[in-house]
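Throughout, protein chains are lettered first and strands after them, A, B, ... in sequence-line order, and every chain is numbered starting at 1. Note that this is a predicted model, so its numbers are computed, not measured.
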Protein chains: 2
Amino acid sequence: MSAVRPKSTRDRNQEILDAAARVITERGLAETRISDVAEQAGVSPGLILYYFDSKDRLLSEALTYANDQFFLRMSREIRRIPSAKEQLRRLVDLSVPGYLPEFGKLDEWALWMEVWVRALRDPQMAKDREILDQRWRQSIADIVRAGQAAGEFGPGDADEIALLLASLMDGLAIQVIMNDSQVSPERMHRLCMAVAAKELGFEL
Amino acid sequence: MSAVRPKSTRDRNQEILDAAARVITERGLAETRISDVAEQAGVSPGLILYYFDSKDRLLSEALTYANDQFFLRMSREIRRIPSAKEQLRRLVDLSVPGYLPEFGKLDEWALWMEVWVRALRDPQMAKDREILDQRWRQSIADIVRAGQAAGEFGPGDADEIALLLASLMDGLAIQVIMNDSQVSPERMHRLCMAVAAKELGFEL
DNA sequence: GCCGAACTTGACCGACCGTTCAAACGCCGG
DNA sequence: CCGGCGTTTGAACGGTCGGTCAAGTTCGGC
């Protein structure tokens with residue numbers, strides 16, 4: 001049967017991508033070596049190049065893979081919440097680095113920043129980034145529209161408000177993961193919710 | 001006299017920092033070689049290490065130097081504008097990448113993103129970044145306060161509004177320099193001014 | 001069991017690049 | 001003109017990786 005090889009191959013692929021994402025998160029893209037990824041994955045360096053054509057390809061795929069995973073996890077969780085207002089709150093909860101104690105602080109945003117820098121010069125990465133980002137804004141816009149349809153939110157251009165909230169979270173998250181002394185996770189959370197409440201006309 | 005050596009030394013220092021900033025802007029931090037900087041500055045590679053202890057130090061200094069220059073240039077220009085509202089508009093004009101045709105698109109923001117990534121792991125860079133960022137927010141807050149004092153703007157916590165506007169611009173600028181098809185310079189500009197108008201209660 | 005293909009290893013190569021250094025240059029005071 | 005010091009050069013060194021490869025291992029199908 002041909003089911004075995006593809007399955008184990010895909011497993012190895014994901015294992016390596018996971019390992020790569022973990023190493024990048026910890027050491028940063030610039031300081032990530034193939035041997036680091038191999039060690040993290042518990043395999044030999046040679047195997048990495050057996051599954052990925054080059055280091056660059058591996059790292060690019062790892063970045064989009066990790067961000068994709070994050071989006072899917074959040075997406076799944078939010079879909080279960082009935083109230084749009086609570087969906088939005090949860091989205092902010094999960095987006096503010098270090099706000100929920102059970103999650104690491106760097107993790108997602110640090111990778112996201114590496115994506116930005118790489119996307120400046122790598123056309124494939126640029127394309128992937130745009131898709132990921134538009135999907136992200138889209139899901140915020142969907143929440144807004146759902147809330148408006150349910151009467152939880154006031155009127156307003158959903159796409160414009162989504163862009164506003166997404167960009168605001170990007171900008172604030174940067175300060176927070178940098179440990180800026182004036183921008184705590186709590187302050188970021190408060191400001192995001194305040195802007196959302198003002199734009200969407202709901203009470204906190 | 002001792003005036004000659006310090007002067008020429010400082011010139012060389014700045015020349016090299018300028019050259020480094022230009023190379024980083026063009027090729028990205030990761031792809032910047034000492035020999036590239038030397039070539040850009042029109043000197044030999046050895047001289048770079050004569051003026052800077054190491055490549056890392058050089059690049060860190062170049063990043064803060066360039067951002068510092070940008071801030072001072074903008075600061076000087078804005079101080080000459082009498083109306084707070086016009087100051088704000090000009091600040092947005094100059095911050096939106098590619099909005100004014102006479103300025104390059106990547107320049108400042110691309111360097112700024114490199115600062116972010118590096119600051120994640122380099123404590124000195126982290127310290128410098130926080131200072132630069134706070135000074136930036138501070139100058140926005142000053143405009144807000146001036147406008148409030150002059151009756152151009154409505155009431156509101158100036159520091160909170162400054163953080164909001166600064167973060168929003170960060171987040172939007174990222175999309176714009178990435179050439180996101182849905183976030184044009186014009187849209188960024190419009191959204192920034194709309195939020196400012198809404199928060200500060202003025203007409204566009 | 002045995003064959004072959006897929007998978008895995010780790011030693012090795014070669015290029016690249018940060019850094020060092022000995023030598024040359026040029027300018028200024030004397 | 002000369003001596004010396006600050007500056008500049010560019011060749012050379014050495015370490016670090018990305019990528020290759022030949023040999024070994026595993027495993028499913030016959």
D:dT8 OP1/OP2 closer than 4.0 Å to side-chain N/O of B:Arg12:
yes
Is it true that the side chains of A:Ser167 and B:Gln175 contain a donor and an acceptor less than 3.5 Å apart?
no
Would you check if there is a donor-acceptor pair between the side chains of A:Glu130 and B:Ser181 at a distance under 3.5 Å?
yes
Residue A:Tyr51, side-chain atoms from C-beta onward, closest of C:dT8, D:dT8, D:dG19:
C:dT8
Under the ring-ring contact (aromatic ring centres under 6.0 Å, His included) definition, can you give me all pairs with a residue in residues 67-98 of chain B, not counting sequence neighbours?
none
Give me the one residue out of B:Arg187, B:Met169, B:Arg89 that meets side chain to side chain contact (heavy atoms under 4.5 Å, CB included) with B:Cys192.
B:Met169
Residues of residues 33-49 of chain A with a heavy atom under 4.0 Å from any atom of DNA chain D, listed by number, are A:Arg33, A:Ile34, A:Leu49
Return the nearest nucleotide to the side chain of B:Tyr50; candidates are C:dC7, D:dT8, C:dT19.
D:dT8
note: A:Phe52, atom CZ; D:dG18, atom C1'; distance rounded to Å ~ 16 Å
Between A:Arg121 and B:Glu31 (salt bridge meaning N to carboxylate O under 4.0 Å), is one present in this structure?
no
From CG of B:Asn13 over to C1' of D:dG6, roughly how many Å is that when rounded to an integer?
15 Å
Give a yes or no on whether A:Glu39 atom CD has more than 12 heavy-atom contacts from other residues, nucleotides or ligands under 6.0 Å away.
no
For B:Lys55 and D:dG15, give me the distance from atom NZ to atom C1', rounded to whole Å.
15 Å
